[in-house]
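Hydrogens, waters and symmetry mates play no part in the numbers below; they use all other heavy atoms, side chains included. All residue numbers in this chain count up from 1 along the given sequence.
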Amino acid sequence: FFFFLAMGKIHEKDLIKILSEDKKVRLDIGGDCVLKEIPASHESWATRLIIKRVDGPSRGDIETDHVVGIFSEDGQKRLDVGERAMKKNGSPSHESWATRLYIRRLNGGNGHLKYGELVGIFSENNDKRLDIGGDAMKEEVPASHESWA
């Protein structure tokens, strides 16, 4: 489960951070926390993602005070920022190109990001990308897994 910490509704141009629900771990897509940094150009089931709300209905705009999960396009896997999947837990205060992120639509559209849209999550400098598969993660976490991370 994750919080997006910007303000209000999230737009593609918003630079965000993604934290565990308890706010003690931050998503870091750099080599310190993932097995391998993934180029932004890489397309696979593990980089084509859907955001779902887990503390209410998954409809409408994604908002910063919602608790969400990030899932593979086919709904079989999910992001886990804990050490089950990551090499190490990312510090919530760590600021870098790998922790300041953009969520980009992959099928076009404009305005605020909405639940159910196909998205990719990219580094601040747009040259790396979140991959929830075995290339970058220690374990591909099933979508049914629920935890603090």
Q: Start with the C-alpha gap between I51 and V119, add the side-chain angles, then the distance that decides, and say whether side-chain contact (heavy atoms from CB on, under 4.5 Å) holds.
A: CA-CA 8 Å; I51 299 172; V119 298; 4.2 Å; yes
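- Summarising the geometry of R129 relative to A40, their closest heavy-atom pair is NH1-O, 3.1 Å, with the distance given to 0.1 Å.
- In this structure, the separation between CG on L79 and CD on E140 is 12.5 Å, given to the nearest 0.5 Å.
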Q: Before giving the answer on side-chain contact (heavy atoms from CB on, under 4.5 Å), spell out for T47 and I121 the whole-Å C-alpha distance, their side-chain angles and the decisive distance to 0.1 Å.
A: CA-CA 8 Å; T47 62; I121 299 177; over 6 Å; no
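- Rounding to the nearest 0.5 Å places NZ of K128 at 13.5 Å from CG of L101.
- Closest non-hydrogen pair, D28 versus H94, comes out as OD2-CD2, 3.4 Å.
- Between the side chain of E37 and the backbone N or O of G31, at least one donor-acceptor pair lies under 3.5 Å.
- I18 and F122 end up in different hydrophobic clusters when Ile, Leu, Val, Met, Phe, Trp and Tyr side chains are linked at under 4.5 Å.
- D55 and H66 share no side-chain donor-acceptor pair at under 3.5 Å.
- Under a 3.5 Å cut-off, the side chain of E63 and the backbone N or O of K9 do not form any donor-acceptor pair.
- In this structure a side-chain-to-backbone donor-acceptor pair under 3.5 Å is missing from K88 to V34.
- A pairwise comparison of heavy atoms in Y102 and D14 identifies CD2-O, 3.4 Å as the closest pair.
- Taking 4.0 Å as the cut-off between side-chain N and carboxylate O, R78 and E146 do not count as a salt-bridged pair.
- With S72 contributing its side chain and K77 its backbone, the two residues share a donor-acceptor pair below 3.5 Å.
- For C33 against G90, the heavy-atom pair with the smallest separation is SG-CA, 3.9 Å.
- Using a 4.5 Å cut-off on side-chain heavy atoms (C-beta onward), I50 and Y115 make no contact.
- Residues G75 and A143 share a closest heavy-atom pair of O-CB, 3.1 Å.
- Atoms CE and CG, on M86 and L35 in that order, are 9.0 Å from each other to the nearest 0.5 Å.
- Under 4.0 Å is where a charged nitrogen must lie from a carboxylate oxygen, and between E12 and R104 no such pair does.
- Side-chain contact check for L19 versus L27: every heavy-atom pair is 4.5 Å or farther apart.
- No donor-acceptor pair closer than 3.5 Å links the side chain of S123 to the backbone N or O of A98.
- Under the 4.5 Å side-chain criterion, counting only non-hydrogen atoms from C-beta, T99 is not in contact with K17.
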Q | Verdict with reasoning, K87 to M137, per side-chain contact (heavy atoms from CB on, under 4.5 Å) | A | CA-CA 8 Å; K87 283 193 320 193; M137 301 292 163; over 6 Å; no
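- Note that the OG atom of S41 and the CG atom of N126 stand 12.0 Å from one another [nearest 0.5 Å].
- Listed by chain and residue number, E95 satisfy the side chain to side chain donor-acceptor pair (under 3.5 Å) test with R26 (two or more places apart in sequence, or in another chain).
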Q: With side-chain contact (heavy atoms from CB on, under 4.5 Å) as the test, would you mind laying out the steps for F71 and L49 before giving the verdict?
A: CA-CA 6 Å; F71 297 85; L49 307 168; over 6 Å; no
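- Within 6.0 Å of CG on D74 lie more than 12 heavy atoms contributed by other residues, nucleotides or ligands.
- Counting heavy atoms from C-beta on, the side chains of L118 and E73 come closer than 4.5 Å.
- Between L130 and I38, the closest side-chain pair of non-hydrogen atoms is not below 4.5 Å.
- Residues forming a salt bridge (Lys or Arg N to Asp or Glu O under 4.0 Å) with K114 (at least two apart in sequence, or on another chain): D61.
- For K138 (side chain) and E83 (main-chain N/O), a donor-acceptor pair under 3.5 Å exists by modelled atom type.
- Of all heavy-atom pairs between K23 and P92, the closest is O-CB, 3.5 Å.
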